[in-house]
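To keep things clear, I will list the structure first and then write my remarks on it.
All figures in this text were calculated on a predicted structure; none of them were measured in a lab. Reminder, nothing fancy here: chain letters follow the sequence lines and each chain counts from 1.
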2 protein chains.
Amino acid sequence: MPQQRILPYIILGILSGQKQMNGIQITNVFKTEIGEFWRSSHSQIYPELKRMLDDNWVKVVPTEENDKEIYYQMTGDGQNVLDEWLVESNTIPLPSKDLFALKMYFIQDKNDPRIIQLLEEQRELVKDNILHLEERNRLLFSKEETVNSNYGHFLILDRAIKRQKGFLRWLNKQIKQYKDA
Amino acid sequence: MPQQRILPYIILGILSGQKQMNGIQITNVFKTEIGEFWRSSHSQIYPELKRMLDDNWVKVVPTEENDKEIYYQMTGDGQNVLDEWLVESNTIPLPSKDLFALKMYFIQDKNDPRIIQLLEEQRELVKDNILHLEERNRLLFSKEETVNSNYGHFLILDRAIKRQKGFLRWLNKQIKQYKDA
DNA sequence: TGAATCATGTAACCGGTTACATGATTTT
DNA sequence: AAAATCATGTAACCGGTTACATGATTCA
């Protein structure tokens with residue numbers, strides 16, 4: 001069997017809450033908000049919206065003859081599909097394309113200088129990423145009410161920050177150990 | 001430009017250290033050792049080996065007319081390509097297909113019971129994964145000398161375990177907070 | 001008015017998975 | 001001898017990216 005398609009569920013998630021959006025707006029959500037967790041581009045989204053329209057997961061909402069722009073809204077069917085998906089069981093995700101781990105794997109010798117090189121490069125990347133994530137957190141969740149009305153988003157951003165901070169601590173420890181030897 | 005192909009480098013990494021292996025053996029490395037970090041199947045690996053042969057990254061080593069089985073070995077060119085790749089700069093990896101994060105993102109309301117459901121399900125998955133990783137660690141790195149001669153592998157396995165333990169602590173904290181409220 | 005951006009769409013291509021196929025060797 | 005596994009390979013398909021294309025609107 002082919003592997004589970006995720007994109008339509010994400011689009012439903014984006015549309016949830018009575019929102020009506022056109023293709024570009026949905027695309028932009030991937031560029032900003034949701035881009036931290038998933039990627040997609042307009043050339044994938046437009047055909048997907050057509051398919052969802054056929055399946056009656058979304059409907060086109062008429063606008064005052066603006067033409068050209070097509071606004072979509074989730075249907076009742078779509079809401080049901082989304083609700084079912086949200087409570088489906090998950091599995092541990094497949095490994096992500098992590099070149100740091102992969103390269104490290106191939107360096108056998110403990111004294112190979114490329115180990116410390118990889119560790120230090122990764123440290124810079126992770127530091128930058130932490131700054132980025134904390135900036136997002138400040139931007140989005142400074143106010144308590146935003147936290148409470150976007151709690152899932154808040155939680156996973158919090159998790160992402162803690163994860164990278166844990167990674168940074170680990171990197172620092174390994175680097176220190178290396179320097180001391 | 002098309003995105004960077006990684007598979008040939010991984011195959012070089014697997015062949016590094018004078019090893020000579022056939023397609024099945026390389027495929028099996030993906031099923032066991034390296035499967036924690038990358039996936040590939042034989043239908044991808046055989047054509048890739050052909051291409052690498054054309055590029056002179058690997059060569060066929062003659063066996064005593066066993067026929068059928070084709071053993072490959074890395075060439076000097078291949079070693080150079082691998083060495084260059086290992087010191088190339090990385091970037092933060094694209095988001096992995098993490099359904100936990102994704103679903104969580106779409107649950108807005110702090111009091112939605114699906115939040116605690118997601119957290120608790122994920123806790124079970126992470127617990128199982130930690131057991132699996134620790135078993136791997138015991139199996140592979142009980143002896144000090146194995147650690148020193150596969151240090152990169154040891155490091156990333158260690159990191160994977162610490163990462164999941166951090167995740168588990170975070171999940172427990174969120175769940176507790178939820179139950180207390 | 002020309003340039004930039006908006007909004008939608010299609011085409012080409014690529015990496016990767018699943019399924020199909022086929023002789024050779026090993027096991028029962 | 002039949003069944004299972006080994007070893008290699010091809011075909012079909014699919015999700016996703018990049019590039020191409022095109023009218024409409026907005027901006028300089």
Side-chain angles (χ1 to χ4, degrees), chain A residues 1-11 14-15 20-32 34-35 37-54 58 60-73 91 93-99 102, chain B residues 1-11 14-15 20-32 34-35 37-55 58 60-72 91 93-99 102:
Chain A
M1 75 201 79
Q3 69 183 55
Q4 171 83 299
R5 287 177 51 72
I6 309 296
L7 182 58
Y9 301 107
I10 302 179
I11 293 177
I14 291 171
L15 288 174
Q20 50 190 52
M21 301 169 83
N22 63 16
I24 280 262
Q25 288 170 331
I26 293 171
T27 304
N28 285 333
V29 176
F30 281 91
K31 284 195 191 136
T32 57
I34 218 175
F37 318 105
W38 209 275
R39 291 285 162 94
S40 190
S41 52
H42 78 275
S43 59
Q44 228 188 331
I45 289 164
Y46 285 112
E48 189 61 59
L49 284 168
K50 290 275 167 69
R51 237 172 295 161
M52 293 167 77
L53 199 57
D54 288 343
V58 295
V60 171
V61 292
T63 52
E64 332 70 60
E65 291 311 323
N66 186 339
D67 217 55
K68 183 84 183 215
E69 295 177 37
I70 306 165
Y71 281 82
Y72 294 91
Q73 189 174 351
T91 55
L94 289 178
S96 69
K97 311 211 156 179
D98 179 357
L99 292 182
L102 195 58
Chain B
M1 73 200 81
Q3 70 182 54
Q4 173 83 300
R5 285 177 53 71
I6 308 296
L7 181 59
Y9 301 107
I10 302 179
I11 293 177
I14 291 171
L15 288 173
Q20 50 189 53
M21 302 170 81
N22 62 18
I24 280 263
Q25 289 170 331
I26 293 172
T27 304
N28 284 335
V29 176
F30 281 91
K31 283 195 193 136
T32 57
I34 216 176
F37 318 106
W38 207 274
R39 291 284 162 92
S40 191
S41 52
H42 78 274
S43 58
Q44 228 188 331
I45 288 164
Y46 285 112
E48 188 63 56
L49 283 167
K50 290 274 165 70
R51 237 171 295 160
M52 293 168 75
L53 200 56
D54 288 343
D55 294 345
V58 296
V60 171
V61 292
T63 52
E64 328 74 60
E65 292 309 324
N66 185 340
D67 215 56
K68 183 87 182 208
E69 295 177 39
I70 306 166
Y71 281 82
Y72 294 91
T91 55
L94 288 178
S96 69
K97 311 210 157 179
D98 179 356
L99 292 183
L102 196 57

Partners passing ring pair (Phe, Tyr, Trp, His ring centres under 6.0 Å) against F37(B) (at least two apart in sequence or in another chain):
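With sequence neighbours excluded, F37(B) shows a ring pair (Phe, Tyr, Trp, His ring centres under 6.0 Å) to Y105(A), given in chain and number order.
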Residues two or more places apart in sequence or in another chain: which of them pass side-chain hydrogen bond (donor to acceptor under 3.5 Å, both in side chains) with Q25(B)?
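By the side-chain hydrogen bond (donor to acceptor under 3.5 Å, both in side chains) rule, Q25(B) matches no residue at all.
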In this structure, which stretches of DNA chain D are paired as stems of three or more consecutive Watson-Crick or G-U pairs, both distances less than 3.5 Å?
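As far as DNA chain D goes, consecutive pairing (with distances under 3.5 Å) yields the stems C:1-28 with D:1-28.
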Close side-chain approach of I26(B) and L15(B), heavy atoms under 4.5 Å
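Yes, at least one pair of side-chain atoms sits under 4.5 Å.
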Are any non-hydrogen side-chain atoms of M52(B) and I11(B) less than 4.5 angstrom apart?
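Answer yes - side chains close enough.
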Restricting to side chain to side chain contact (heavy atoms under 4.5 Å, CB included), what partner residues turn up for Y9(A), sequence neighbours left out?
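Checked Y9(A) against side chain to side chain contact (heavy atoms under 4.5 Å, CB included); matches are Q4(A), W57(A), V81(A), W85(A).
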For nucleotides 11-13 of chain D, print each protein N/O atom paired with a nucleotide N/O atom at under 3.5 Å, atom names and distance only.
none

Looking only at side-chain atoms of L7(A), point me to the closest of dT17(D), dT17(C), dG16(D).
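Of the options given, the side chain of L7(A) lies nearest dG16(D).
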Rounded to the nearest 0.5 Å, what's the gap from CD1 on I14(B) to OH on Y72(B)? Could you check?
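So the CD1 of I14(B) and the OH of Y72(B) are separated by 14.0 Å.
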At what distance, to the nearest 0.5 angstrom, does CD1 of I10(A) lie from OG of S40(A)?
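So the gap between those two atoms works out to 7.5 Å.
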Using a cut-off of less than 4.0 Å, is there contact between a side-chain N or O of K97(A) and OP1 or OP2 of dG16(D)?
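Negative; the distance criterion is not met.
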Side-chain N or O of Q44(A) less than 4.0 angstrom from OP1 or OP2 on dT17(D)?
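Indeed, a polar side-chain atom of Q44(A) lies that close.
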Distance-only side-chain donor-acceptor flag, Q73(A) / Y71(A), under 3.5 Å
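Their side chains do not contain a donor-acceptor pair, so the 3.5 Å distance test is not met.
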Table of protein N/O atoms under 3.5 Å from nucleotides 6-8 of chain D N/O atoms:
unit_1: dT8(D); atom_1: OP1; unit_2: I70(B); atom_2: N; d: 2.7
unit_1: dT8(D); atom_1: OP2; unit_2: G23(B); atom_2: N; d: 3.0
unit_1: dT8(D); atom_1: OP2; unit_2: I24(B); atom_2: N; d: 3.0
unit_1: dT8(D); atom_1: OP2; unit_2: Y46(B); atom_2: OH; d: 2.9
unit_1: dT8(D); atom_1: O5'; unit_2: Y46(B); atom_2: OH; d: 3.4

